[in-house]
Amino acid sequence: MSRNHVQSARRPAPAPAAGALELGAEAPGGAEQAYLELLARGASAEAYEQPVLLARAENRPPERIAALERAKLLALRVRTELEGRRRREAELSALFETAHDLAGLRDVDAVLQAIVQRARSLLGTDVAYLSLNDPARGDTYMRVTEGSVAARFQQLRLGMGEGLGGLVAQTARPYVTDDYFKDDRFRHTLTIDAGVRDEGLVAILGVPLMLGPHVIGVLFAADRRARVFEREQIALLGSFAALAAAAIDTANLLTETRSAMAGLERANEIIKEHSAVIERASDIHDRLAELVLRGGQVHDVAAAVSQVLGGTVEFTDTADPRSLETSRTEGHAVRHGGDWIAAVAAGGELLGALVLRGRPGLDPVDQRTLERAAMVTSLLLLARRSAAEAEQRVRGELLDDLLDARDREPRQLRERAARLQADLDATHVVLAARLESPVADAEEAAAARRRLWSAASHLATTRHGLAAARDGGTVLLLPLDPGDTAADVARRTARHLGTAVHQPVTVGASAPVAGLATRPEAVAAGYAEGRRCLDALNVLGRGGDGAAAEDFGFLGLLLAGERDVAAFVTRTIGPVAAYDRRRGTELLRTLDAYFACGASPARTKDELHVHVNTVAQRLERVARLLGDDWQSPARALEIQLALRLHRLGAPPERR
């Protein structure tokens, strides 16, 4: 009884107001009316004791007090019924709201969170949570919690049959316990008990989430004190579990539908992409066919493929050698960095490559388009080669005439060269090229020589030079570009021809020759010099390389046709001689004395009448000018020969 109720019982009853009826008044139906007023205003259960207490305090007749007791019990029963109805109304409202959330499902996690929150609120529990089964792992795990404070509890996983939740998930039946740790109907585990203990739970109610005959999870309501869950509360939680299962099922269906829609959209995109690819393939097929029929050029093919593939395509003969060989061997375009390389080949001969830039990602159809373009390019090149073979024969005939000095009329030579886009007045290099891989079969050897001549002729045509087959190899007459040396041209030609015929090619070069229209005999002399350099390469074990006489040091004096002694001296000791001229020093004289004294600084200083430190300083300067290896046997021999030739060519006063 509250303090207010006691005070009300001890006060004397006030005089009844006009037209009003006080509690406990002596009037028919007075008791019932008092309790009706209490019911009408929704008074607490304690307030229903007040009329009886007041009547006793006023010494009312026993009959009156008994009537009030009966009215009180009846009013309390009505109050209980009304509270039950209000509670059921609230439960139905919550279920209706949850069903409404489910109907407009957008986020399954939000719906499940709302279900757990409402279950906790209506059942008046400390905690509510929901777990879902994991078929892959064969257990059940926490999905949503409300009111939980323990991290370990929120991350629990229960094996089937473990703990109360595992038992519900296994049996598909609700389970309730007033005191979890004293209940031995289910299997306790250290992990689960530790999580429940961290959360401080005592009374737990769990109901299964069912989809048809299958349990997909468990919905829980739990208190941190002992409690008995009523049948109505178990039924209410079961209703929420049914809605939660429906939400999960709906979400799964939505996920499957979205996945199916995404799959359909992707399939539609793929169909569109394939359609576009087929259209592009058809377009390029028509363009390439038209190019072949009207005799188009290689650059026309590259331009057409560039437009279709959306990148930049060019024909080249200097693509990455490894990628080029892989493409030729496999017959497919290969990726090199951000580019695509498709070999242009005919039979065993590599003619070049189509290189696609700006399209690092290339689908298979576009890749086949590039490969088909390479095939068309090879057909165009073969067709052009057939037409060019006559021109190549003419080039060979002109070079043969130059080698044999048959036509000594400069005007006729210039006219014949001009028709072949060659300029005999420019400086040229005569190159002797020969295959180095021995071939036992005579037919194979002849085929290899034809391939070499074909590759050399193609190179000569592109470089505005001449080429001819001679002495089991090939001779080329190529113009010398500014900044190039004969040795550069020889090495570059050896690499190019070797790549084209797929076996080593050795190339010897002459010194630069000029004025061939007026002195065609220089071509024959240059060819002889190139042959000597080629033979020297083979003797030195450098087959497959390219070189000119300048690459062989003093041996080059024997190989060169004109014995360019001054050039040899300049290449060998020129920096030292130039230093002496500029500074007025005696480095050349010191070198001469040093070698004459058996490379002894002590004897050299006596010969020169200087201090030994002076000799050492001069030799250090020589090393900086000629390189640290100037005293190696080969370099020392060349330097001594150059010193002697320098003395022979110097004025008497400077010897």
Side-chain angles (χ1 to χ4, degrees), residues 297-299 315-318 352 381 384-385 387-433 452-470 473-497 500 507-531 533-534 546-550 560-562 564 567:
Q297 301 299 314
V298 171
H299 68 272
F315 175 79
T316 180
D317 55 1
T318 58
L381 290 175
R384 190 173 68 181
R385 174 179 293 181
E389 283 181 352
E391 178 186 343
Q392 292 171 355
R393 282 193 293 272
V394 173
R395 289 179 184 274
E397 291 172 359
L398 175 57
L399 183 53
D400 282 336
D401 289 346
L402 289 172
L403 288 169
D404 297 335
R406 293 174 184 169
D407 190 347
R408 295 181 177 274
E409 175 57 42
R411 182 180 60 80
Q412 293 182 0
L413 289 175
R414 288 191 179 96
E415 289 177 354
R416 291 175 63 186
R419 286 193 293 269
L420 300 172
Q421 297 182 341
D423 181 9
L424 295 183
D425 291 322
T427 301
H428 287 72
V429 175
V430 183
L431 303 159
L452 176 61
W453 174 81
S454 178
S457 298
H458 177 69
L459 177 61
T461 301
T462 57
R463 291 288 314 280
H464 305 295
L466 304 175
R470 179 163 289 216
T474 301
V475 57
L476 297 95
L477 183 67
L478 298 180
L480 184 66
D481 294 331
D484 267 357
T485 65
D488 295 334
V489 177
R491 284 190 286 271
R492 192 162 54 242
T493 302
R495 287 195 301 269
H496 178 89
L497 296 179
V507 177
S510 71
V513 292
L516 301 182
T518 56
R519 42 191 295 268
E521 66 278 0
V523 178
Y527 175 57
E529 181 179 341
R531 286 285 303 277
C533 290
L534 187 152
E550 62 190 58
E562 296 183 358
D564 191 354

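Only this structure's heavy atoms are used, side chains among them; waters, hydrogens and symmetry mates stay out.
Residues L452 and A433 come closest through the heavy atom pair CD2-O, 4.2 Å. Across A486 and P512, no two heavy atoms sit closer than the pair CB-CD, 4.3 Å. Closest of all the heavy-atom pairs between A500 and A455 is CB-CB, 3.8 Å. Contact record, D488 with G483: OD2-O, 4.4 Å, taken as the closest heavy-atom pair. Between H464 and Q421 the shortest heavy-atom distance is CB-O, 3.1 Å. T474 and A456 get closest at one heavy-atom pair: CG2-CB, 3.4 Å.
R463 pairs by the side chain to side chain contact (heavy atoms under 4.5 Å, CB included) definition with L459, L478, P479, D481, not counting sequence neighbours. The side chain to side chain contact (heavy atoms under 4.5 Å, CB included) check on A432 picks up Y527, R531, L534, with sequence neighbours excluded. By the side-chain hydrogen bond (donor to acceptor under 3.5 Å, both in side chains) test, D423 pairs with no residue at all, sequence neighbours left out.
Here the options are V489, V429, T427, the test is side chain to side chain contact (heavy atoms under 4.5 Å, CB included), and the partner is D484; only V489 passes.
When atom types are taken as modelled, the side chain of S510 and the backbone of V430 share a donor-acceptor pair closer than 3.5 angstrom.
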message = Does V507 form a side chain to side chain contact (heavy atoms under 4.5 Å, CB included) with L476? I'd like the steps, not just the answer.
response = CA-CA 10 Å; V507 177; L476 297 95; over 6 Å; no

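Separating the CG atom in L431 from the OG1 atom in T493 is a distance of 5.0 Å, to the nearest 0.5 Å. A distance of 11.5 Å separates CD of E415 from CG of L424, quoted to the nearest 0.5 Å. For the atom pair OG1 (T485) and CG (L480), the distance works out to 7.5 Å, reported to the nearest 0.5 Å.
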